[in-house]
Each structure stands twice: as structure tokens, then as C-alpha cells.
Amino acid sequence: MAWMLFLPVVFTTQLRQRTGFDATVESLAVNPFTGTVELRGLVVTNPPTYPVRDFVQLRRFHADAEVFSLLTDRPVFTSVVLDVAKVTLVKRDGGQTNAGAFQGNLVSLGADPALPVPVRPARGVLIRRLTVHIDEVVIEDHAGQVPVVQDYKLGFNQTYLDVTGVKQLLAPAALSGLMPVGVALDGLLPGALGRALGETMKDAAKSGAGLLKAAGHKTGEKIKGYFDALEESRKP
């Protein structure tokens, strides 16, 4: 009970010390015997070097893992729920983003020899059922002389099955919900997710251009056919 009581404090303290991003959490419960994690009310804020404090407001994170799989190089989660109220992506002078800095600090954390338990990277993760809710995404670009702020009320709600990679998160059914913000996110998301989003948006743009070109070609053929028919009708 004492361990569960102090777990939220330990979690936020370690996150702050290791990444430089401050954090608060309403509740955090971990059951190592059932493989269940329940986190509520996580708020992560940017370091003072950023012009905006807001970063992540997470209502809830819930995960059910197959306990013995956590001891292997391929953890298996029967279900994961990620409920995000708001994400604020900030680019400051010099082009550095808060998301990039946060991920970079986490990567260096995994290689830190001072950790009591070495962090061993997994070769793959399987999530049998993943539910993602994202209400709002705010993008603030402070790299230029005049800050540019874009606020997207996404209302994104998607469920995925048998997830093994980030590209599955950008399936056509889900991509339609991200289209309003997809182009604006280019270069702001680090790692595999950022690369996958960039490639997907480029492919979507090419496909859209191809469809427009095909539609224009068909329209031109119809117009030409109409005038040909009209010319034939005028002949005696």
C-alpha cells in the first residue's frame, strides 16, 4: 500500500529529473501480478526554455499485459487505451521541437548506466486491441519573427487490432480523421511515427493528384464527345 501511495510521486520525479520536462499525475496504479497499469490525469509541461508551457494533457492510459511476455523481448498487451485531451507541439528558435527533445531525452535515459536496472530495448511489441482518443492538437511555431499558432479540434477516435508497428496507426480509416492536421505535423513528430506520417501524407498527396488528373482527363473526354456528337447532328 505504501508503494502504491508513493508511486505517482516517484514517477513524476524520475520523469522530471531524467527528461527535464515537469509532470503531475492524479493517480497511478501498477499491478505486477496481473500486468495492469492505470494512469489518470497526467500533465507534462515544457522546460522554461520553451515559450509555451503546455505539452501533453493525458486523461487516461490503461494497459493490460500478458505478464510473462514482459520478461521477453516481445511484450504482448491484450488491450491499451490512450485518451488524450490535448497535445501542444512547439517549435522554438533554432527549430528544435518539444516532442523531439522529449523523445531524445527518453532515448538517452534507456542508455543511462546509472539506472538501477538496465533498459533492454524490445524487438517488437504486440497490442491486440489499441484504442486512441485525441481531442485537440495545437501547433505553435516560434521559429520565425512572428509566432504562428494553429488549433485543431480533432475529436479523433480510432480502435486498432493486432498492432505491431506505427504505420498501422495511419491506416486509411484512421488517416481521414488526421487529414486536417496531417500536413501541419510534418517535421514536428520525431522518430518512427514522424517518418511514417510524412511518408503517408506524401503518398496521399500523390494519390489525390492522380485522381484529380484522371478526373480531369475523363471530363475532357466527355466534353469532346459532346461536341463531336453535336457536330454530327448538324450534318445533313
Side-chain angles (χ1 to χ4, degrees), residues 6-30 37-63 65 70 73 75 77 80-125 127 130 132 134 136-143 147 149 163 165-167 169-170 181 184-199:
F6 289 104
L7 185 58
V9 177
V10 173
F11 171 76
T12 54
T13 300
Q14 287 296 313
L15 186 66
R16 185 183 309 113
Q17 292 178 351
R18 299 291 181 171
T19 68
F21 287 73
D22 202 358
T24 59
V25 63
E26 290 180 6
S27 63
L28 173 60
V30 179
V37 178
E38 180 74 27
L39 183 150
R40 291 182 180 272
L42 172 65
V43 176
V44 181
T45 54
N46 297 316
T49 52
Y50 285 86
V52 178
R53 293 289 290 166
D54 293 343
F55 183 21
V56 175
Q57 297 177 20
L58 179 68
R59 287 197 196 91
R60 182 186 181 221
F61 172 80
H62 177 87
L70 299 177
D73 290 336
F77 295 86
V80 173
V81 175
L82 188 65
D83 187 358
V84 181
K86 182 179 178 182
V87 177
T88 303
L89 300 174
V90 183
K91 180 186 290 187
R92 67 180 186 184
D93 291 341
Q96 188 182 36
T97 65
N98 56 348
F102 186 80
Q103 189 199 45
N105 292 341
L106 285 181
V107 171
S108 63
L109 167 63
D112 191 344
L115 286 175
V117 179
V119 177
R120 180 178 60 182
R123 289 187 296 184
V125 176
I127 304 176
L130 170 64
V132 179
I134 305 175
E136 183 180 4
V137 174
V138 178
I139 298 175
E140 298 204 16
D141 189 346
H142 294 260
V149 180
V163 177
V166 295
K167 284 190 175 182
L169 306 182
L170 302 175
V181 71
L185 288 175
D186 186 27
L188 292 175
L189 294 178
L193 181 58
R195 291 191 297 270
L197 181 62
E199 293 173 0

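Residues: numbered from 1 along the sequence shown.
- Nearest approach of Asn98 to Leu89, heavy atoms of both residues: OD1-CA, 3.6 Å.
- Contact check for Pro51 versus Val90: side-chain heavy atoms found under the 4.5 Å cut-off.
- For the atom pair NZ of Lys91 and OG1 of Thr97, the computed distance is 8.0 Å after rounding to the nearest 0.5 Å.
- For residues 46-55, every residue pair satisfying the salt bridge (Lys or Arg N to Asp or Glu O under 4.0 Å) rule, not counting sequence neighbours, is listed here: Asp54-Lys86.
- With a 4.5 Å cut-off on side-chain heavy atoms, Thr13 and Leu15 do not count as touching.
- At least one donor-acceptor pair closer than 3.5 Å links the side chain of Thr12 to the backbone N or O of Val9.
- Using cut-offs of 30° and 60° for the angle between ring planes, the Phe55 and Phe21 rings count as tilted.
- To the nearest 0.5 angstrom, Thr24 atom OG1 is 9.0 Å from Arg16 atom CZ.
- Ionic pairing of Asp83 and Arg60 is not present here: no N-O contact between side-chain nitrogen and carboxylate oxygen is shorter than 4.0 angstrom.
- The line from CG of Asp22 to CD of Gln17 is 11.0 Å long, rounded to the nearest 0.5 Å.
- Shown here are the side chain to side chain contact (heavy atoms under 4.5 Å, CB included) partners of Gln96, two or more places apart in sequence or in another chain: Tyr50, Arg92, Ala101.
- Residue Leu130 holds its CG atom at 5.0 Å from CD1 of Ile127, rounded to the nearest 0.5 Å.
- Looking at every heavy atom in both residues, Glu140 comes nearest to Val52 through OE1-CG2, 2.9 Å.
- Partners of Phe77 according to the ring-ring contact (aromatic ring centres under 6.0 Å, His included) rule, which considers only residues two or more places apart in sequence or in another chain, do not exist here.
- Between Pro75 and Leu70, the shortest heavy-atom distance links the atoms CB-CD2, 4.1 Å.
- To the nearest 0.5 angstrom, Ile139 atom CD1 is 10.0 Å from Thr88 atom OG1.
- Within the 4.5 Å cutoff, side-chain heavy atoms of Val25 are placed close to those of Leu39.
- In this structure, the separation between CZ on Arg40 and CZ on Phe61 is 12.5 Å, given to the nearest 0.5 Å.
- You'll find the side chain of Leu7 reaches within 4.5 Å of the side chain of Val30, heavy atoms only.
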